[in-house]
Protein chains: 2
Amino acid sequence: MTHMLLSPTPAEVNEFADAYMRGMRSKDNVLVVVGCCCVEYVGRARSMLGWGGRVVIVKSDGSVLVHQKVGGAPVNWQPPDTLVRYRTEAGNGISLFVIYSYRLKPPEKMYVRFKTVDMVSAHRLRDDRTLRIMGAESDIVDRIMGDPGVIEEGLRITDREKQTRSGAIDLFGVDRDHIPVIIEIKRSQPTPSAVLQLKAYVLDHQHRHTGAVRVRGILCAPSMPVMIRTLLTENKLEWRVFKCEFEQVDDAQSTLEEFT
Amino acid sequence: MTHMLLSPTPAEVNEFADAYMRGMRSKDNVLVVVGCCCVEYVGRARSMLGWGGRVVIVKSDGSVLVHQKVGGAPVNWQPPDTLVRYRTEAGNGISLFVIYSYRLKPPEKMYVRFKTVDMVSAHRLRDDRTLRIMGAESDIVDRIMGDPGVIEEGLRITDREKQTRSGAIDLFGVDRDHIPVIIEIKRSQPTPSAVLQLKAYVLDHQHRHTGAVRVRGILCAPSMPVMIRTLLTENKLEWRVFKCEFEQVDDAQSTLEEFT
DNA sequence: GCCTAGGTCCCGTGG
DNA sequence: CCACGGGGCCTAGGC
C-alpha cells in the first residue's frame, strides 16, 4: 500500500497524514514528508534549525526523523513512544503544515513546520524480520570462553560477567600458575577509560583479597594505540591484540573489482 | 525538484537512481526507495536481515539508511563517504534492484536487495542551515565559569579544559580555603566511568604535586544515582546535583493542553 | 521503573 | 590523519 501527493497544500498534507497515521489500523504505516521546513526542539537540550529542504520520516511507533541532505544521523528526531499530531498553522499570512511531537519522560517536544511540501507519501510496511548480527562483544567473549588458548596458553576461564564493586568483569580466570586473571574485552579500538576500568577491577579484586594475592589484568582489543600501551604499562597491566574472525570482508582487491 | 515512480520495475528504478544520484549535479539530491528488500552487511560486524518492507534513504554524500517500520535508529546503514552503486541482479528467475555501498576505512559493504519497489523518489534539497543547539556540556561549563557560586560559595575557577596526564579536566579552581578543586561536568546521568575519570584526575594532580597537597574532586551532574554516590564516597570524592536551566520545556500541564 | 553498558555507535575537535 | 570524548546519544538486558 502506497499513497502519495505531489506539491500538496498544507491542508491537504494535514488531511493525508491524519488519514494514514491515526488509529489502530495504521500501526504498520510510515509517513514520508519532503519539503521546506524549520525545526524547533525543547527538552534535554534546546535547538533551532532554520528553513531548508529535508526528508522527514514518521513511524507509527512515534519515531520522528528529520534528515538533511548530508549526514548519517538525523539532525533532529524523536525516539519511539512519542505522541505525534498533525496541524496546520497560520504564520505571516501563509499556511504551514506542522508535525508536533511530544513525550513525557523525559519531557521533550519538537515542532517541524513546513512552508512547502514537495511530496508526502504513506506506506504500509509488512515486515516481521529482525536483524541477525554477528561480531558483537558477546560473540568475542563466547569465542574466548570456548578456546581460552587464543589469549594465553594454559589460561582457564572461571567466570563471565563477574560482578565487582566497580562493575562487571567481562572474563575472569586463572593462568597456568594459578594466578587470577581479569580480562576486559573491547570489540573496537580501546580508549583510556577502558584502561581505568580494568585498573579499577584489579584494584577492587586486590582490595577484597587484602592485598596478598597478585592479580593480572589484560586488555583485549583488535588494536592497541601507543598511548593505551603506555597507560597499561604504567599501571602494570597487560594487553593482547585479538581480532575475532567472524568472516572478514573481502580484501580491497576483489571488492574493488566487484565494485566497477 | 521532485521526481518519482510508483511500482517501477527493477530496471526502471536502476535507471532512475543512476539518473538522479550520479555525477556532480546530484550533490544536493536525496533518493528515497520504499519496497520489499533484504539487507546484507559485512564490515566491523556482519549482519543479515530477511525480506520485509522498508524505507531506504540514500544521500549524495554516500550515507545510506535502512529503516524498518519501528525504531528510531536505522536497522542497517552506511555513514557518509561511502561509495554507492545501483544495479539490477538476476535471482531465482526474478530481477532484483540492488543498492550496493562500500567503503575502505574501515572496510565495510552493504547490499540492499529489492524484490519489489513500491515507490522511488529523488529530491533536490536546498538547505544551507546548520543546527543551533543550547544545553550542551560546554554551555553548562560556561554557566559555572560565569557564576562559580552555583557550585559552592567562595569557589574561584582558574582553568577550563586543563590538560593533565590522564586527560582534560572540565574545570579547575580553588575553594575559599585555597584548596585546589577539580570539577567534572556531566550533562546527563553519570556512569561509574565518570567517577573513575575524576579519580584519575585527582590522583594525577596529587602525583604531580608529590602528595603533600590536598585536592578535592567534585562530580557535577543533573542526577546522582545511589551507586554513583557510594563510589564517590568510597573514593573520597564529592558531588553536586546541578541542572542547568537553559529554559526548560513547558510543564506537563500546559503542554498537554496545547497537545489536544 | 531505574540503572548499566554496548554500539557497524556517529560526530566534532584537537593534536 | 588518528585519537579522544560528548551525545537530546539509542537500545537491549538486568534487577
Side-chain angles (χ1 to χ4, degrees), chain A residues 39 41-47 63 65 70-82 103 105-110 130-131 133-141 161 163 166-168 170 184-194 197 223-228 231 246 249, chain B residues 39 41-47 63-66 70-82 101 103 105-110 130-131 133-141 161 163 166-168 170 184-194 197 222-228 231 246 249:
Chain A
V39 187
Y41 157 81
V42 185
R44 285 167 290 180
R46 188 184 177 108
S47 75
S63 314
L65 305 163
V70 291
V75 62
N76 279 108
W77 72 95
Q78 290 279 37
D81 301 319
T82 302
R103 63 177 184 152
K105 280 160 63 162
E108 290 188 301
K109 60 181 178 178
M110 181 173 74
T130 56
L131 189 71
I133 194 164
M134 292 152 285
E137 188 185 277
S138 61
D139 296 322
I140 301 174
V141 174
E161 290 294 311
Q163 288 298 325
S166 357
D170 287 333
E184 174 67 24
I185 312 281
K186 290 295 167 200
R187 74 171 306 286
S188 49
Q189 187 168 286
T191 63
S193 79
Q197 204 174 33
S223 70
M224 205 64 65
V226 175
M227 177 52 71
I228 300 297
L231 275 174
F246 54 84
V249 65
Chain B
V39 187
Y41 156 80
V42 185
R44 285 167 291 180
R46 189 184 176 108
S47 75
S63 313
V64 185
L65 305 163
V66 182
V70 290
V75 62
N76 281 108
W77 72 92
Q78 290 277 36
D81 300 318
T82 302
S101 58
R103 62 178 185 151
K105 281 160 63 160
E108 290 187 301
K109 60 180 180 179
M110 181 172 75
T130 56
L131 189 71
I133 194 164
M134 292 151 286
E137 188 185 279
S138 62
D139 297 321
I140 301 174
V141 174
E161 290 294 311
Q163 288 298 326
S166 355
D170 288 334
E184 173 68 23
I185 313 280
K186 290 296 166 197
R187 74 170 307 288
S188 50
Q189 187 169 285
T191 62
S193 80
Q197 203 174 38
S223 71
M224 205 66 64
V226 175
M227 177 52 70
I228 300 297
L231 271 176
F246 54 86
V249 64

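In what follows, chains carry the letters A, B, and so on, assigned in the order in which the sequence lines appear, proteins first and then strands, with residues in each chain numbered from 1. Computed from a prediction, not measured in an experiment: that's the story for all the values here.
Q189(A) places a side-chain heavy atom less than 4.5 Å from the side chain of P225(A). At least one side-chain heavy atom of M224(B) sits under 4.5 Å from a side-chain heavy atom of P190(B). With a 4.5 Å cut-off on side-chain heavy atoms, K186(A) and Q197(A) count as touching.
Nearest to the side chain of K186(B), among dG8(D), dG6(D), dG6(C), sits dG6(D). For A136(A), taking side-chain heavy atoms from C-beta onward, the closest of the listed nucleotides dG7(C), dC1(D), dT8(C) is dG7(C). For S188(A), the listed nucleotide lying nearest its side chain is dC9(C); candidates were dG8(D), dC9(C), dT11(D).
Among the heavy atoms of the strands lying under 4.0 Å from P79(A) is at least one base atom, whether or not backbone atoms are also near. Within 4.0 Å (heavy atoms only), G135(A) reaches no atom of the nucleic acid at all. Among the heavy atoms of the strands, none lies under 4.0 Å from P106(B).
Per the geometry, CE belonging to M227(B) stands 13 Å off P belonging to dC15(D), to the nearest Å. Across the protein-nucleic acid pair, I185(A) atom CD1 and dG7(C) atom C1' stand 16 Å apart, rounded to whole Å. Going from atom CG of L65(B) over to atom P of dC9(C) covers 16 Å, rounded to whole Å. Taking atom CD1 of residue I228(B) and atom P of nucleotide dC3(C), one finds them 9 Å apart after rounding to whole Å. Rounded to whole Å, atom P of dG5(D) lies 13 Å from atom CD of Q197(A). Rounded to whole Å, the distance from CZ on R187(A) to C1' on dA12(D) is 15 Å. Rounded to whole angstrom, the span from the CG atom of L131(B) across to the C1' atom of dG6(D) amounts to 15 Å. At whole-Å resolution of the value, CG in D81(A) and C1' in dA12(D) are 14 Å apart.
Residue W77(B) places at least one side-chain N or O under 4.0 Å from the OP1 or OP2 atom of dC10(C). Taking 4.0 angstrom as the limit, Q189(B) places a side-chain polar atom (N or O) nearer than this to OP1 or OP2 of dC3(C). In this model, the phosphate group of dC2(D) is approached by a side-chain N or O of K105(B) to a distance below 4.0 Å at OP1 or OP2. Between R44(B) and dC9(C) there is a side-chain N or O to OP1 or OP2 distance below 4.0 Å.
The pair E108(A)-R103(A) meets the salt-bridge criterion, with a side-chain N (NZ, NE, NH1 or NH2) lying under 4.0 Å from an Asp/Glu carboxylate O.
The base of dG7(C) has none of its N or O atoms less than 3.5 Å from a complementary donor or acceptor on the side chain of E137(A).
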TODO: May I have the step-by-step check of side chain to side chain contact (heavy atoms under 4.5 Å, CB included) for E137(A) and D170(A), ending in yes or no?
DONE: CA-CA 10 Å; E137(A) 188 185 277; D170(A) 287 333; 3.6 Å; yes
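By the 6.0 Å contact criterion, CE on M134(A) is enclosed, its count of non-hydrogen atoms from other residues, nucleotides or ligands being greater than 12.
Where R103(B) and V226(B) meet DNA chain C, the nucleotide closest to each residue was compared, and V226(B) sits on the side nearer the 5' end. Both P80(A) and I133(B) sit near DNA chain D, but only I133(B) has its closest nucleotide nearer the 5' end. If you find the closest nucleotide of DNA chain D to Y41(A) and to P225(A), the one lying nearer the 5' end belongs to P225(A). Along DNA chain C, the nucleotide nearest V75(B) and the nucleotide nearest Q163(B) are compared for position; the residue whose nucleotide lies closer to the 5' end is V75(B).
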TODO: Treat a base pair as Watson-Crick or G-U wobble with both distances under 3.5 Å, then lay out DNA chain D in dot-bracket form, 5' to 3', with | for cross-strand pairs.
DONE: |||||||.|||||||
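In plain terms, the two heavy atoms of P80(A) and S63(A) that are nearest each other are CG-OG, 3.5 Å. Nearest heavy-atom pair across P192(B) and I228(B) is N-CD1, 3.5 Å.
Nucleotides dT4(C) and dT8(C), compared at atom P, are 22 Å apart to the nearest Å. One P atom belongs to dC4(D), the other to dG8(D), and the distance between them is 23 Å to the nearest Å.
N76(B) contributes no side-chain N or O that, together with a main-chain N or O of V39(B), makes up a donor-acceptor pair within less than 3.5 Å.
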